[in-house]
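Notes to accompany the following structure.
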Amino acid sequence: MTSSNPAIPEPSNFIENIIVSDLQSGKRTTVHTRFPPEPNGYLHIGHAKSICLNFGIAKRFAGVGGQCNLRFDDTNPAKEDQEYVDSIQEDVHWLGFDWDDRCFYASDYYDKCYEFAIQLIQKGKAYVCELTGDQVSEYRGTPTAPGKPSPWRDRSVEENLELFAKMTRGEVEEGRMFLRAKIDMASPNMNLRDPAIYRIKKAEHHRTGAKWVVYPMYDYAHPLGDWMEGITHSICTLEFEVHRPLYDWVLEALELPHRPQQIEFARLNLTYTVMSKRMLLELVQNKIVMGWDDPRMPTISGLRRRGYTPSSIRSFAEKIGVAKADSVVDINLLYFCIREELNAVAPRRMGVLDPLKVVIANWPADKVDMIEADNNPEDPTMGKRMIPFGREIWIERDDFMEVPVKKYFRLAPGAEVRLKHAYYITCKEVVKDAQGNVVELRCEYDPESRGGGSPDGRKVKGTLHWVSVAHALEAEVRLFDHLFSFENLSDVPEGHDYKEFYNPNSLVRKQAKLEPSVKELKPFDRIQFLRHGYFCVDSRDSKDGAPVFNRIVELKDSWAKEQKK
RNA sequence: UGACCUAUAGUGUAAUGGUAGCACAACAGAUUCUGACUCUGUUUGUCUAGGUUCGAAUCCUGGUAGGUCAACCA
């Protein structure tokens, strides 16, 4: 379906299909979305999907005046906090989106919502109920059995008005009365069995303080908030699907024109990842992690500290698409997105995580050679740097095998390899301690091979990274694994809790030997340690002035994979 | 024993009654001063049974499987 209007983009998912057809049919002339978090926790990668969706649609439909609001759904003062408001704003901005002057709060609309509630009462469409919590659920019935009407259902308009005013003045105890919509106690949809629309909460609200003691419920405030902001397409997750009739009922009952349309999509699930706010809060409170921004957390702030870029997350959101079917996305796709970006832009550095000393026997004791190395083979414009080379160097312990397996082309007794950017060396002798552990290698270098080539054209298959012992910088390097060891939440066996599956190896700290140039790196700088993956300088921690590195993601390693087989 | 929603390669997602594509993953090969990257190629799919139609992933009916709903949470 090609649109004749050049301002209307080609739809790329089912939501945009709806929008485009609304535009083409003349049902809408513009597109206005919103991202409506409740400020009761930090945003996570699942929210990033929604943010990219809502702000992305506004951007794609800019030609017809597309806009996206940020709206805090702060209708429950007991759970919400300014700290969360601040972090949410920071995270949305960091992801690369902006709401201009359109940051709103459901609490901005309390007065309006209240007036509308009075209208509903006057229309005979809402009443004050005095059933207790237990009674309410008893009267509501079950999904298969209809409910029965509350004894307070048929109060007079005057009495309802008076009681609601009393509630509002704080003259009624919490839980003693609440305002319900009068819909249908026998509806097959439980949400329509006279749902609560206002309840008493004598809690301090983070924005309105003690001004109110009655607060609107989500199901009532949300459609009104959407309507007041001129939202055209109100996009939310699947669990609100059965609430849609109620959403529509509120707007219909109040006879409001130009109503927004609610559209639901499947929330993001990721393998090896638990996304519920409750669980994330628990991890923080029980100090299983360092905080909301622990690099292992699926929070936006955690991903940021880990070293993910906003563009990699946006790219991920685009790749996973949007649909209505429940699904679990393979976290490898997220890894791919950050690798793809960082491969192109991250400077290469050498670092040895598990060091083994190599002595170049035919290299003069005090001679230091400054070796030139390109910063990124993918991008020559990133220039070069100089690396010191001396008689003693560190190599990776698993880059040497005393008894090499077939197709092993790194260092072994008698074998020749290339030290990246530097020289060819041949292993002449293996030094062991009393227990028989290899503690040092004695090698000889080929002076003709400076720069990593050889005049006679002989080939070496293996190229090792290395760090000069005399110049090495020691620094902490953190390697991460999944916080939980199950792949999918549904893998958790019956009768067990996912908390039994914490992965004790989700954080491994290494004291690594790094080439001296890494000293100049700043927080959030991202590099690739050759063969070890992409790392980011931690934005909070450093040890003795030396940067601490978080590994964002490993490089693919077909050799390691083959060995496992 | 209810209502609503969903079902396309291993995973995610397109195809709006007209050639089932794309990405990731996997596999094979080429290349390589990162066993990375890159390049080439390959394998694998419309839940099921009917119906409508010249023609169905798409529309209809039944079945199966999964999800959501019984907060004065969002």
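Per chain, numbering begins at 1; letters A, B, ... match sequence-line order. Side chains included, hydrogens not; waters and symmetry mates left out as well; all remaining heavy atoms used.
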Problem set entry | A:N191, nearest nucleotide to its side chain (from B:rC69, B:rA74, B:rA71) |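 Per side-chain heavy atoms of A:N191, the pick is B:rC69.
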
Problem set entry | Closest nucleotide among B:rU34, B:rA14, B:rG2 to the A:T144 side chain |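 Nearest listed nucleotide: B:rG2.
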
For this session: Go through the N and O atoms of the side chain of A:Q528 and the base of B:rU34, and report whether any donor-acceptor pair is under 3.5 Å.
Result: yes

Exercise. Has the side chain of A:R531 got a donor or acceptor atom sitting under 3.5 Å from an opposite partner on the base of B:rG35?
Worked result: no

Describe the nucleic acid contact of [X] in one word from base, sugar-phosphate, nothing, applying a heavy-atom distance below 4.0 Å.
X	result
A:K79	base
A:K324	sugar-phosphate
A:P36	nothing
A:R410	base
A:G533	nothing
A:V328	sugar-phosphate
A:F409	base
A:R418	base
A:T75	sugar-phosphate
A:Y220	nothing
A:N189	nothing

So, are [X] and [Y] salt-bridged, with charged N and O less than 4.0 Å apart?
X	Y	answer
A:E396	A:R531	no
A:E372	A:R450	no
A:D226	A:R71	yes
A:E174	A:R199	no
A:E38	A:K79	no

Do [X] and [Y] have side-chain atoms, one donor and one acceptor, less than 3.5 Å apart?
X	Y	result
A:D219	A:H243	yes
A:H222	A:R34	yes
A:Q135	A:T132	yes

Exercise. A:W466 pairs by ring-ring contact (aromatic ring centres under 6.0 Å, His included) with which of A:Y423, A:W394, A:F389?
Worked result: A:F389

Exercise. Picking from A:F164, A:Y215, A:F178, what satisfies ring-ring contact (aromatic ring centres under 6.0 Å, His included) with A:Y198?
Worked result: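 Single pass found, and it is A:F164.
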
Exercise. With distance as the sole test, does A:N488 use its side chain to make a donor-acceptor pair with the main-chain N or O of A:T271 at under 3.5 Å?
Worked result: no

Problem set entry | Donor-acceptor contact below 3.5 Å, side chain A:D557 vs main chain A:W559 |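 Flag set: sc A:D557 to bb A:W559 pair under 3.5 Å.
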
Exercise. Among residues 331-344 of chain A, which contact RNA chain B at a heavy-atom distance under 4.0 Å?
Worked result: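 When residues 331-344 of chain A is checked for heavy atoms under 4.0 Å from RNA chain B, the hits, listed by number, are A:L333, A:F336, A:N343.
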
Exercise. Where along residues 238-247 of chain A does a heavy atom fall under 4.0 Å from RNA chain B?
Worked result: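 Hits under 4.0 Å, by residue number: A:E239, A:F240, A:E241, A:V242, A:H243.
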
Exercise. Where each pair must be Watson-Crick or G-U wobble with both distances under 3.5 Å, what dot-bracket representation of RNA chain B is obtained, with crossing pairs in [ ] and other-strand partners as |?
Worked result: .((((((..((((....[..)))).(((((.......)))))....(((((..]....))))))))))).....

For this session: Rounded to the nearest angstrom, tell me the gap between atom CG in A:D194 and atom P in B:rA70.
Result: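 Result: 16 Å.
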
Problem set entry | Distance, rounded to the nearest Å, where A:D184 contributes CG and B:rA70 contributes P | 17 Å

Write out a two-atom table: protein N or O, nucleotide N or O from nucleotides 8-10 of chain B, distance below 3.5 Å.
none

For this session: Just do the side-chain contact (heavy atoms from CB on, under 4.5 Å) check on A:F72 and A:I88 with the steps written out, would you?
Result: CA-CA 9 Å; A:F72 290 98; A:I88 288 167; 3.6 Å; yes

Between [X] and [Y], is any pair of side-chain heavy atoms under 4.5 Å apart?
X	Y	value
A:R207	A:E80	no
A:W249	A:I183	yes
A:R526	A:T309	yes
A:D374	A:H421	yes

Identify the pairs formed between an N or O of the protein and an N or O of nucleotides 61-66 of chain B at a distance under 3.5 Å, and give each distance.
none

For this session: For the pair A:K202 and A:E173, evaluate salt bridge (Lys or Arg N to Asp or Glu O under 4.0 Å) and give the outcome as yes or no after the intermediate values.
Result: CA-CA 9 Å; A:K202 300 191 174 172; A:E173 248 175 84; over 6 Å; no

Seminar exercise, completed: Relative to its sugar, using the 90° cut-off around 0, the base of B:rA71 is syn

For this session: Determine the interplanar angle of the A:Y110 and A:H205 rings, folded into 0 to 90°, and report it as parallel if under 30°, tilted if 30 to 60°, perpendicular if over 60°.
Result: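 Taking A:H205 first and then A:Y110, their aromatic rings stand perpendicular (interplane angle over 60°).
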
Nucleotide N/O to protein N/O under 3.5 Å, stretch nucleotides 26-29 of chain B:
| from | atom 1 | to | atom 2 | distance (Å) |
| --- | --- | --- | --- | --- |
| B:rA26 | OP1 | A:K561 | NZ | 2.7 |
| B:rC27 | OP2 | A:K561 | NZ | 3.3 |

